[in-house]
Amino acid sequence: KTRATTSMMHPKHQQSAAHDKLSSIYHQYVLEHSEAPSNTYDLINYMQIHNINDVSFKEVSLFLMNGSRTSQKSAKQPFKPNTSSTRVGQSKPRVRSATISAWSSSVAAATETYYNDNVRNVYQIYYKAKRMTPGNTNQLINYAKSINLHLKWNEVNKFLKNDASYLRSLITADALQYVDIPTVQKQQTIQIKVEASDSEFYWIKGLTVQSTVGDICKKLEPRLQQTATKINLYKDDVRLSEWSKLAQLGLCDGDSVSLGVHNTSTGIDSFLETSLAKKQYYGQFRTLSNVAAAANKKLNAMFNDDDDDDDDECDDQEKEIEMYTQNILSNAASGITSNRDTLLHVMNGLAQANGQKCVFFNSDENIVPADSAERNSHLHIFEANDGNKSKTFVLTLNCIESAEEKQDANEQEMYEMQKCVQENKIDAHPTLKDIKLKLSHVHNVLLSRIQITGVFVGSFNVEYTIADLTPTEVQTMKSNAGEMQSKMNQLFDDYERLNVHPILFRQTYDISMFDEAGNKSFDEKETFKVGMDSNGTAGTYTQPFGWTRYGLRVLDQFEGGNTWLDPFQHQNNWYRAFHGTGSGGAGGSAVDAMASIYNGGFRISYQDGRNDTTAVYGDGVYVSPNPEFVEASYASTITIDTQNGKKAFKFMLMVAVKPDSVVRDDDDIWHVPHAKDVRPYGILIKQC
């Protein structure tokens, strides 16, 4: 009846009536969705949902083509949707294409379908070219790049979650008949030679004429162990801008550029920046005088009953965490890997294996140690099983002169000392050699056991460790702290203080470090593509079959947001890997990763054996994408008492690694030159 009446109208009146009706529908759509329909299909689908089937596809399309004028008109009275029991699809819209008709009927029942023309087009092209649908979001994004199109990850992800029936409707023969596969001229890859000296050079591969100088610098990062922004490239003695494209510079396959030598001031700037971070970090550590005072107080308490309110408050805090720890460890572990009590007993076992006491606290419940250093260093699990390597001492000597030029000279001298440490030439520098000798007298150990690991400014600070430090020696140091303090003052005229790593005497763990959202038992062998470097190389994440993961509270703790880890398979995800703490060959932990929430991150391993570490392929943090490889060679093993007798458990870490920082030594071994590019996010345990 409606069609018969409409056909009797004058064409001009008929067009005006359709336009008025669509204006009302358009206005109502905007009111409900707070945005205009993005395409013809959006408005047709909206009409189908409300049983409006008397407007053709062509009329909707023509109406939206004049959308800029329509949106400026004053709104008509909103239409009233048909709420009768008429079944959707009883009266078909007057569309002239079989494809649109099929599409309309398939989406009539879908009220939450996400439409996006750009993603739909690439989806259809992908299927027509490969005769298969994309397996995941990254596959479709990468394919779009290959045909010179750009898609947003969140839009693709949302689109692929549409109902399967809708996605199938897009790849029918009718839907694909007008889809053309674009012809893309594949850019030829070229390689550029970067000359560092007459005898040293690097070939940078995987470039195109559209690549920039900055792209070359990024590829040089892991080789030079230097950030891209501090790498300078030259051609004919002219410095190249990082934004310049190779085509603009006339660089072709096989051409050469020169690597710029950094001036001393640039190195000092980096040294001073690192010094500031180290000063802030080590400033949290207790000093030798604190240890001496605590030991003296304990001795005095045995002979008198002097009261001190501040001391009483500290004692109360210590008693509270002692009780909290006792409640956790008093009962035998269940032995079930998915129960957290088993993990806590494993962590306690690791501490005892190193001859140390283990203390648990909970900052969420304000159950915290009196010592702020222990409170701030709330996760030492990365350092706990690294033997004595991580038990750092920091000697501070007061040698800053008031004259500015003298201070600059001191900074320059300390910078040269730090280079000697990095080059393992400590004994060649008279000042460092003298400090090392005096420290051996203070600690009453062989000279060879004193290992200087760094120098930084802010006064004159020397980082060092003592090799093979035994639990007995640690206890002697604690009880004789006052005597050590006197020796320091006698041997060093400008002695200011000695900071001691919090875990030297005991290991403290904050229970609030865990994030239950990251807990998972891996009962299946599965692999996923996670993360992608600047060359488009995706990382393969192999789930650790048979292991149980305890997630760590790491979200919202790093600059740049959380996409390095969450959501899973986001285009900005970092690679997934594993790190074992049972062998120095895998690298331990240190203070190099200042940005880490866990105060220290990972220890750099060096090829020259510095810091008692071994690096086969190059300096850096060693990790593996293969959990079975780490389990076999580097995972720690500890035996604990459980409710069902003694059981042995293995222990390793799950880490995320910045894709462009990875140096792939072989299929099972990666090393990462910069510790800040490795972020722990889970603890793994497994019964042997």
Side-chain angles (χ1 to χ4, degrees), residues 337 340 342-344 346-347 349-351 353-354 377-387 389-390 503 507 509-510 513-515 518-522 530-531 539 541-555 557-558 564-565 574-593 595-605 613 620-638 649-658 661-662 668-672 675-686 688:
T337 55
R340 194 175 69 176
T342 300
L343 171 65
L344 299 182
V346 167
M347 292 164 66
L350 291 171
N354 284 329
S377 301
H378 57 282
L379 178 60
H380 300 300
I381 195 65
F382 310 109
E383 300 170 321
N385 198 38
D386 194 29
K389 302 170 193 171
S390 61
I503 68 168
Q507 294 172 15
Y509 301 115
D510 190 349
M513 70 187 177
F514 296 111
D515 184 352
N519 293 357
K520 182 178 177 66
S521 293
F522 297 95
V530 178
Y541 164 41
T542 303
Q543 290 191 332
F545 175 69
W547 289 76
T548 296
R549 180 181 69 202
Y550 288 86
L552 301 175
R553 189 181 291 181
V554 294
L555 296 182
Q557 301 296 339
F558 297 95
W564 63 274
L565 181 67
W574 287 14
Y575 291 159
R576 304 294 198 260
F578 304 88
H579 179 81
T581 60
S583 171
S589 54
V591 72
D592 301 289
S596 172
I597 183 180
Y598 295 132
N599 292 340
F602 292 88
R603 182 182 182 85
I604 296 289
S605 294
T613 58
V621 178
Y622 279 71
V623 298
S624 175
N626 182 358
E628 294 180 356
F629 174 79
V630 178
E631 178 181 355
S633 305
Y634 297 102
S636 303
T637 302
I638 192 73
F649 294 88
K650 290 189 174 183
F651 174 97
M652 64 180 181
L653 308 173
M654 288 191 79
V655 299
V657 185
K658 190 176 182 179
S661 295
V662 170
D668 292 327
I669 299 176
W670 296 350
H671 78 271
V672 185
K676 64 183 176 60
D677 294 333
V678 183
R679 295 176 179 175
Y681 69 93
I683 297 175
L684 291 167
I685 61 171
K686 176 182 181 181
C688 298

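We count residues from 1, following the sequence as given.
The shortest side-chain heavy-atom distance between W670 and P625 falls under the 4.5 Å cut-off. The side-chain heavy atoms of N519 and F514, taken from C-beta on, include no pair separated by under 4.5 Å.
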### Task
Run the numbers on Y541 and M654 for side-chain contact (heavy atoms from CB on, under 4.5 Å), then give the verdict.
CA-CA 11 Å; Y541 164 41; M654 288 191 79; 3.4 Å; yes
### Message
Could you walk me through whether L350 and F651 satisfy the side-chain contact (heavy atoms from CB on, under 4.5 Å) test, starting with their C-alpha distance in whole Å, then the side-chain angles of each, then the deciding distance to 0.1 Å, before giving a yes or no?
### Response
CA-CA 10 Å; L350 291 171; F651 174 97; 4.2 Å; yes
### Query
Could you walk me through whether D515 and V554 pass the side-chain contact (heavy atoms from CB on, under 4.5 Å) check?
CA-CA 8 Å; D515 184 352; V554 294; over 6 Å; no
### Message
Evaluate R576 against L565 for side-chain contact (heavy atoms from CB on, under 4.5 Å), listing each step before the verdict.
### Response
CA-CA 9 Å; R576 304 294 198 260; L565 181 67; 3.7 Å; yes
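Distance OH/Y550 to CG/L344: 8.0 Å, rounded to 0.5 Å. Atoms OG1 and CG, on T548 and L684 in that order, are 8.5 Å from each other to the nearest 0.5 Å. To the nearest 0.5 angstrom, T542 atom OG1 is 6.5 Å from N626 atom CG. Summarising the geometry, atom CD1 belonging to I638 is positioned 11.0 Å from atom CZ belonging to F649; distances are rounded to the nearest 0.5 Å.
Contact detail for V678 and W574: the closest heavy-atom pair is N-CZ3, 4.5 Å. Here the closest non-hydrogen pair linking K686 and F545 is NZ-O, 4.0 Å. Taking every heavy atom of both residues into account, P627 and F578 meet most closely at CD-CE1, 3.5 Å. For T337 against I685, the heavy-atom pair with the smallest separation is O-CD1, 3.6 Å. When every heavy atom of E631 is checked against every heavy atom of M652, the shortest pair comes out as N-SD, 4.3 Å. V655 approaches P680 most closely through the heavy-atom pair CG1-CA, 4.0 Å.
No side-chain donor-acceptor contact under 3.5 Å links D677 to the backbone of V657. Checked by atom type and distance alone, the side chain of S624 pairs as donor or acceptor with a backbone atom of D668 at under 3.5 Å.
By the 30° and 60° cut-offs, the orientation of the rings of H671 relative to Y622 is parallel.
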